[in-house]
Each structure stands twice: as C-alpha cells, then as structure tokens.
Amino acid sequence: MEYNPSKIEQKWQEIWHRENAFEPKNSKDLPKKYILSMFPYPSGRIHMGHVRNYTISDAIARYYRQEGFNVLHPVGWDSFGMPAENAAIKHKLHPKKWTYENIDYMRKELASLGLSFSKEREFATSDPLYTKFEQEFIIKMYENGLLYEKKQNVNWCETCHTVLANEQVVEGCCWRCDNEVKQKQMPGYYIKITKYAQELLDDLKNLESGWPKQVLTMQENWIGRSEGLAFNLKLDERSLEKLDHKFDSFDVFTTRPDTIYGVSYTALAPEHEIVKYIVENNLLEQSKIEEIKAMQKVSEKDRALADKEGVSLEIEVLHPLTNEKIPVWVANFVLASYGGGAVMAVPAHDQRDYEFASKYNLPIKEVISNPNSNLQKEAFTESGVLVNSGEFNGLKSQKAKKAIIYHFEQNSLGKKEINYKLRDWGISRQRYWGAPIPFVHCDSCGLVPEKIENLPITLPDDVEITGEGNPLDTHPSFKVCKCPKCGKEARRETDTMDTFVQSSWYFLRYCTPNDKNKPFEKEDIDYWMSVDQYVGGIEHAILHLLYARFFTKALRDLGYIDIDEPFENLLTQGMVLKDGAKMSKSKGNTVDPDALISEYGADTARLFTLFAAPPVKELEWNDSAVEGAFKFIRRFVDRADHVNSKDLPEFDHSLLSKDEKNARKKVYEALKKSKDIYETRTFTFNTVIAACMEALNALNAQKNSDVWSEGYYILLHVLEPIIPHTCWELSDKLFDRKNLKPIKILEEVFVDDTITLAITINGKKRDEIEVDKSLSKDEILSLAKDKASKWLEDKEIIKEIYVPNKLINLVAK
RNA sequence: GCGGACGUGGUGAAAUUGGUAGACACGCCAGACUUAGGAUCUGGUGCCUAACGGUGUGAAGGUUCAAGUCCUUUCGUCCGCACCA
C-alpha cells in the first residue's frame with residue numbers, strides 16, 4: 001500500500017471535525033480522565049515547543065479514549081497580554097483584531113497536527129464572558145479580605161510601561177523584555193497569596209507522587225518558610241534624644257537565637273524609617289548623609305552584586321539579655337522587605353555579618369564552640385555548644401534555640417515567629433490589553449467594587465495604542481462612571497489585570513465552558529477535576545503553577561468549588577533544541593511546523609517528536625532522524641498488504657515456527673510496553689515506538705499471514721495515539737476500526753519451549769546455551785559446564801548460581 | 001553559597017527486584033538492485049587487537065557469586081533560588 005500523508009491526514013481531520021469525534025460524553029457515570037496541556041498564547045504561529053507539548057497530551061488523551069474513559073482534552077487561548085499591544089504599535093492593528101486573527105490561524109495549525117481537542121469547549125480569556133467571571137472573583141476576593149489596594153514600592157519596567165509581580169522579575173530584570181526593573185512608589189492591587197503560604201507549602205506533600213521533584217523544590221524555596229525569634233531592640237537614652245523621641249525601638253528577626261549573645265552590632269536597611277529620619281533631619285555629618293543617600297539610590301540588583309558597605313548611625317540599642325550597648329549601622333545588604341528591614345548581626349556565626357565586621361573593625365564574639373571553627377578565617381555557621389552565653393552556656397544549638405525562645409516569651413521580650421519569602425501578588429498592570437480591574441474610586445466612598453450585575457467591565461474599542469501611558473487612562477469616557485455605592489460621579493480604575501490571573505482558573509472553566517450565568521457548575525467540577533495529567537514547560541514551575549494552586553484554594557474558600565489542588569499529575573516537557581540551543585527567532589535556528597507538516601505530514605512530525613527523546617528531556621532536532629521517522633511509517637503502511645483477516649485471528653501457538661512465535665512475542669511486548677508507559681506515567685513513548693519497530697522487524701522475518709494480521713491489528717492499536725491519521729486510515733480499511741479498543745495481552749506468547757541462558761564465569765559472560773524449559777536445574781548446570789568446559793580447565797568450581805530464565809554463573813578458581 | 005536533576009558508543013537513546021550493557025534509531029562502512037540515486041533491500045558497526053583475547057556506563061574505593069543500577073568519596077554538566085537575617 002502506498003503512503004500518501006497529505007491525503008489521509010486531510011481526510012481524517014475532516015471526518016473528526018464533522019463527527020465531532022472528541023467531545024467528551026455528557027454522562028458523569030463513566031470513569032473520566034482530564035488531560036490538559038498548558039494553553040497557548042496566540043502569538044501568530046505555533047512553534048516546535050507547541051508541537052511537542054500538544055503531541056504528548058494528545059497521545060495520552062487518545063490512549064485513554066481507547067481504554068474506554070470519558071476524556072476531557074480541551075484547548076483555549078491565553079489571549080490577553082502585551083505582544084498584542086506591541087503588534088498594534090508595529091502594524092497599526094487593533095490588539096483585538098490581531099489576537100482573534102491569530103487564534104483563527106493557530107486553530108488551523110493545531111488541527112493540522114490531528115490533535116483530538118474538544119471542539120465545543122474552546123474559549124479565549126479575552127472573551128467578555130471570561131472577563132465577567134474573573135471580575136466577579138476579584139470582587140469576591142476583595143470582600144473576603146483576599147485583595148487589597150495599597151501604595152507601595154513596586155517593580156517597574158520602563159520598556160513595558162508596567163508593574164511586574166515579584167515572580168516576573170528575573171535576576172533584577174523584566175521576564176519579558178530583560179530590561180532592568182526599577183523600584184517605584186505606586187498604588188496597586190494585591191492578592192493576599194501570603195495568607196495561603198503555609199497551605200501551599202504543606203500541600204506540596206500531596207503532590208509528591210505526581211509532580212517532578214524539581215518543581216516541588218522550586219515552589220518550596222520560593223515560599224521560603226523560616227522559623228525563628230522576633231524581638232525588639234530598645235534605643236538607649238542618648239539615642240532616644242538624638243532621634244527626638246520619634247522612635248524608641250525597632251524589631252529584628254533571627255533564625256539563630258542560639259547566637260544571640262554574639263550580637264556585636266545591628267544593621268538597618270537603607271529604606272528603614274529610622275534611617276530615613278536621620279537623613280531627612282541631617283542628624284549625621286554631611287559626608288555620611290551623602291553616603292547613605294548614594295546607597296538608597298542603588299537598585300536591589302546592583303546591591304546584590306556590590307561589596308558590603310555601611311555607615312555607623314551613631315546610635316545604640318540595648319542587648320535584650322545583657323543590656324550591653326550595641327551600635328546601629330545602616331548596611332546595603334539588609335533587605336527592606338524581609339524581617340522588618342533590620343538584622344541583629346553575629347559576625348562570629350554568619351558569613352555576611354563576618355565580612356561586614358571585618359571591614360569596619362567591629363568585634364567578632366564567639367558564642368558557639370566547635371573544633372572545626374576557625375574565626376581567624378571565616379564565620380562558623382554550623383551548630384555547636386554555647387559559650388559566653390550566660391545561663392545558656394553548655395547547651396547545644398538545637399536545645400539553646402528552644403530555651404532562648406522560651407526565655408524571650410516568658411519575659412515578654414520577643415516571640416517565636418515564622419517568616420516567608422513569598423510576597424503578596426501584585427496584579428495591577430498599566431496596560432490596555434487585559435481584563436479591567438473592576439473597581440471605582442469615589443471621593444466620598446473611597447475604593448468601591450463594581451456591582452456584580454454590571455459585569456463585565458469591558459475594554460473600549462476606540463483606543464489608540466502608542467506605547468506611551470495607559471490608553472484607558474487617556475480614553476475620553478472609560479474612566480467616567482457613577483459610584484456603585486452612592487451614585488455620585490466617580491472614576492473607574494484603569495489598571496488591568498496581570499495575565500497570570502486568567503491562566504489561574506482556565507482549567508476550571510473547561511468543565512462548564514458555555515454557562516453564561518455562572519463560572520462553573522459544581523457538579524462538573526466534582527466530576528472532571530482535578531486534572532489527571534497536566535503537560536507543560538518547566539518555565540512555569542513557580543509563576544503559573546503556584547498562582548493556579550493558590551487560585552484553586554481561594555475559590556474553594558469562596559465557596560465556588562470543593563477541591564484543594566488543581567493538578568494531580570504534572571509532566572514538565574524538555575525544550576526543543578537545534579544545534580544545542582533553544583530554538584528561537586533571534587538565533588535563527590527555528591524549524592517551522594507548517595513546513596514540516598507539508599513536507600512529511602503530521603504523523604511524521606508526531607512520531608519524530610515522541611521518538612527522539614523521552615518527554616521530560618531536551619529534544620535535539622535532527623533532520624535525518626525526521627526522515628527516518630517518515631520512512632518507518634511508509635514501510636509500515638507498505639506491509640499492510642500482508643493482512644488477510646478483518647478480525648483478530650486465533651492461533652494454536654505451539655504449532656508455529658520459531659520466527660512466527662518470535663513475531664507474536666514482539667507484537668505483544670509492544671502492547672505490554674504501551675500499557676506500561678501510560679500506567680506508570682513515565683510516558684516514554686520512545687520505548688514504545690522502539691518496541692513497535694522491533695515487532696515490525698520480527699513480522700518481516702516470517703510469512704504467516706495470520707501472524708501478520710494479528711500483528712497489524714495490535715500495532716495499529718498501539719500506534720494510534722502516536723500516528724493517528726495513518727492508524728485510523730488502516731484500521732478503518734483493514735479492521736473496521738475494531739482494534740481501537742482495549743486488547744487483551746495473551747501471556748501464552750511469552751512462554752517459549754526453550755530458554756536461552758547466558759553462561760557467565762566469575763560474573764563475565766562467556767557463552768550462551770539454549771535448553772528445553774522442562775529441564776531441571778541440575779541438568780541445566782551440567783549442560784552449561786560442558787558447554788563452557790574450555791573456560792573451566794585447571795579450575796575448581798566453588799559455587800554455582802542459577803537464575804531461572806536469565807543466566808548461570810559459575811564461580812571458579 | 002543553598003537546593004534540585006543528571007553523567008552510558010560518532011549522535012539521539014535502551015536496560016522490572018542488582019542478573020547477557022549499548023535494544024530501537026540516526027550516522028558511517030560494505031554489498032545487491034539500478035541509466036542514476038540523497039530511493040529500496042541485505043549485512044556490518046563500543047573501544048583496543050591481524051587474531052586468540054582484553055577492555056568498557058565521568059573518576060576512585062567498597063558491598064556482592066554478580067554493580068550502569070546499592071554504599072562512600074570525588075570530578076564535571078545543566079537548572080532553579082540567591083546578601084531571606
């Protein structure tokens with residue numbers, strides 16, 4: 001039979017579309033699988049990363065459909081976001097037009113890959129209906145104390161003209177354009193993700209069996225829980241006066257209360273209120289004031305790279321246990337955003353404090369004793385036995401921590417505290433192409449949420465995108481509105497939401513995609529959620545995957561749904577590389593999926609992507625291997641002529657020749673392997689494809705047409721998730737599609753009359769022996785010794801090991 | 001610095017509980033068919049050696065009848081976080 005990919009692919013894509021072949025059934029009694037790939041941003045064209053992503057999830061979805069599950073495998077569009085505005089500026093196109101045209105084009109591209117998506121559940125997050133429910137969530141969050149507005153320092157990207165969340169700042173630069181991020185005081189809306197810090201951390205344990213360890217660790221680090229002692233340092237008399245009694249103390253946090261007797265100075269962040277007061281009121285000599293001002297101007301990123309430096313503030317605090325006077329400094333390494341912006345410094349037992357103390361000749365006082373400690377050279381930061389620590393001397397670090405915290409709590413000097421690195425999620429963006437934040441500013445009522453019945457607040461179409469400022473802010477009428485509370489003239493909020501808000505709940509909406517009155521039906525969520533298999537790139541390990549986990553928990557607490565975690569199993573696929581580098585336009589090493597499909601067909605693209613590497617690993621592009629994938633399909637199709645039966649033939653296995661038996665064995669091995677990779681969720685399609693190739697090679701080595709028919713029946717079944725067009729075409733022609741349903745593994749084909757054993761001497765393989773399976777262990781050993789006699793001359797056998805079906809090991813001296 | 005993942009041929013990669021290392025491909029070599037072939041088919045292909053044989057999973061030890069797999073040490077690569085008190 002001849003292989004004509006473009007003809008059969010077009011044919012089946014049309015049939016699938018016409019028959020709406022992949023819509024899940026309405027019945028909620030069937031066992032279900034929810035298979036999801038991270039939805040695409042409609043950038044204009046799909047790339048090889050998409051091909052890989054969707055091919056993997058499509059194969060999984062198709063497998064479970066064969067196995068009789070009700071499968072939800074939806075796709076949609078993450079369609080708000082900046083590229084639409086950039087394109088608008090560049091091509092003078094409205095972002096909406098650009099976005100929806102891209103969606104139409106990319107939908108066709110995805111269809112050309114033969115992806116088995118649900119047709120009726122597709123939506124774009126920029127659809128007004130989606131915005132409506134999202135705005136409703138935001139208002140509910142506000143009403144339940146999960147969202148607040150606040151003016152504070154934000155990450156500002158000048159190139160993108162917008163605020164960024166902490167998660168979107170990569171090494172001090174914008175995650176999108178790589179421009180340096182500046183700090184700027186601005187009002188903004190924040191979602192209280194920190195309220196869920198502990199739950200987000202604790203529930204990682206429930207994901208251990210289904211998520212890659214790497215992702216769990218990254219989330220754990222990002223949440224960054226640490227436990228310690230928070231206490232107050234009081235200023236001494238002289239310092240109180242110096243600061244005009246405006247301050248009397250400040251708070252610090254430490255994870256090492258056992259080192260508290262080693263405090264020899266304390267340090268404040270340059271942004272600390274006390275530092276600001278000193279600078280504003282010129283309470284130090286001019287040169288020092290200038291130095292502090294210079295420090296304040298340095299960005300967080302540059303500070304991280306700079307040497308440690310500081311200025312003595314010429315004030316002192318009292319040590320809470322010894323009452324000794326301790327100098328207060330301002331230091332560039334103290335972060336304003338963590339632990340109150342102030343630290344107690346223990347140079348002997350903290351490397352950072354040590355460097356600072358060495359530079360400014362501050363005392364280094366040992367309070368943890370350990371033979372490995374060498375304070376002449378560096379700080380000793382591990383645990384040990386307390387010395388120079390008053391009543392706590394002699395205690396080991398672990399016990400001392402508890403005892404000192406207890407002492408502080410008993411004497412009301414401080415308390416045990418848990419700190420997180422996780423910050424609240426700033427969702428304000430000063431951009432046009434996003435979901436408007438549904439709030440109104442009223443001079444009488446302050447910040448007022450829009451009424452639910454007025455939602456959605458939609459974007460005006462008549463805007464000019466210039467890249468300068470927010471078009472909503474300068475729009476003639478968008479801002480003008482009435483206060484939902486008192487009815488007076490008011491101003492509508494012009495900030496739009498971070499696009500990560502949309503991707504935080506889209507997987508829930510697929511469960512009830514078309515309801516105009518509510519975001520989702522509880523019954524639908526109960527049935528379909530959680531996602532059984534989520535597939536996407538590792539780059540979302542923190543951003544999207546953390547936000548989506550949070551949103552699920554928040555919507556649960558708002559009464560919408562009843563689940564704790566959205567994604568039961570997660571597969572993070574590797575990148576697609578060419579010439580050792582990630583494919584990118586700027587490097588010019590991209591492969592165009594459309595061109596690939598028109599040259600070889602979608603099935604070849606799919607086969608190559610799944611065969612060249614296991615999904616979690618990087619995939620190195622290789623043109624001749626693509627050619628190889630194509631040739632395999634062609635060879636496979638060519639052999640269809642050997643099939644002579646419309647059904648699965650029956651056999652008396654014992655009457656077959658050796659080659660025929662071997663062919664059947666290889667075929668069933670492929671079937672077994674296939675079940676195995678889905679059930680263990682390794683999804684190593686490469687091994688299944690290899691097993692199919694072996695099976696085809698083995699079929700080729702014999703001529704029995706019944707064996708061919710059976711082999712073909714099964715191989716089409718195994719390969720259908722991988723190369724669906726080819727398999728539907730042949731299955732339809734040869735077997736009336738009867739083989740696209742579960743097939744029983746016949747164990748009889750794995751049993752041979754004879755077994756081949758390796759003969760190893762002292763663990764080294766020397767020979768092989770084929771024996772009748774009915775022979776006893778002693779008979780086999782004796783045959784093996786004869787066969788390997790050459791290796792046993794002048795030697796004494798001191799031990800004989802027989803591993804059934806595997807090998808014989810003779811230990812000889 | 002902290003945390004995680006991983007080191008197997010020329011290349012991509014296989015290898016249940018420890019049990020014949022390199023399956024399956026790509027590439028390469030040889031042959032057949034052919035006007036031709038970048039088509040197809042057949043055979044070969046870890047390294048060293050003419051061969052017998054030796055050797056081989058980053059390195060060094062260890063456990064074991066037997067180690068890619070388990071343990072210890074070490075080197076290297078990649079990724080994430082990073083002055084988090």
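Values below: every heavy atom of this structure, side chains too, minus hydrogens, waters and symmetry copies. Letters A, B, ... mirror the listed sequences (proteins, then strands); counts begin at 1. A quick note: this is a predicted structure, and the numbers were derived from the prediction, not measured.
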Would you mind classifying the nucleic acid contact of [X] as base, sugar-phosphate or nothing, using non-hydrogen atoms under 4.0 angstrom?
X        : value
A:Val803 : base
A:Pro212 : nothing
A:Lys213 : sugar-phosphate

For atom NZ of A:Lys415, is the number of surrounding heavy atoms from other residues, nucleotides or ligands below 6.0 Å larger than 12?
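Incorrect, the count does not exceed 12.
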Can you measure [X] atom [atom1] to [N] atom [atom2] for me and round it to whole angstrom units?
X        : N      : atom1 : atom2 : answer
A:Glu220 : B:rC81 : CD    : P     : 15 Å
A:Asn221 : B:rA5  : CG    : P     : 12 Å
A:Lys617 : B:rG7  : NZ    : C1'   : 9 Å
A:Asn700 : B:rC24 : CG    : P     : 14 Å
A:Lys764 : B:rG54 : NZ    : P     : 8 Å

Atom pairs, protein N/O to nucleotides 39-41 of chain B N/O, distance under 3.5 Å:
| from | atom 1 | to | atom 2 | distance (Å) |
| --- | --- | --- | --- | --- |
| B:rA39 | OP1 | A:Lys631 | NZ | 3.2 |
| B:rA39 | O3' | A:Arg634 | NH2 | 3.4 |
| B:rU40 | OP1 | A:Arg634 | NH2 | 2.6 |

Could you identify the nucleotide paired to B:rC41, looking across every strand shown and requiring Watson-Crick or G-U wobble geometry with both distances under 3.5 Å?
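Pairing partner: B:rG31.
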Could you identify the nucleotide paired to B:rC26, looking across every strand shown and requiring Watson-Crick or G-U wobble geometry with both distances under 3.5 Å?
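In the structure as shown, B:rC26 has B:rG10 as its Watson-Crick or wobble partner.
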Which residue lies more 5' along RNA chain B, comparing A:Leu757 with A:Asp307 via nearest heavy atoms
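Residue closer to the 5' terminus by nearest nucleotide: A:Leu757.
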Taking the nucleotide of RNA chain B with the closest heavy atom to each, which residue, A:Ala336 or A:Thr217, is nearer the 5' end?
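Per heavy-atom nearest nucleotide, the more 5' residue is A:Thr217.
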Which pairs, protein N/O on one side and nucleotides 66-68 of chain B N/O on the other, fall under 3.5 Å?
none

Do the side-chain N or O atoms of A:Lys765 get closer than 4.0 angstrom to the phosphate oxygens (OP1, OP2) of B:rU20?
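No.
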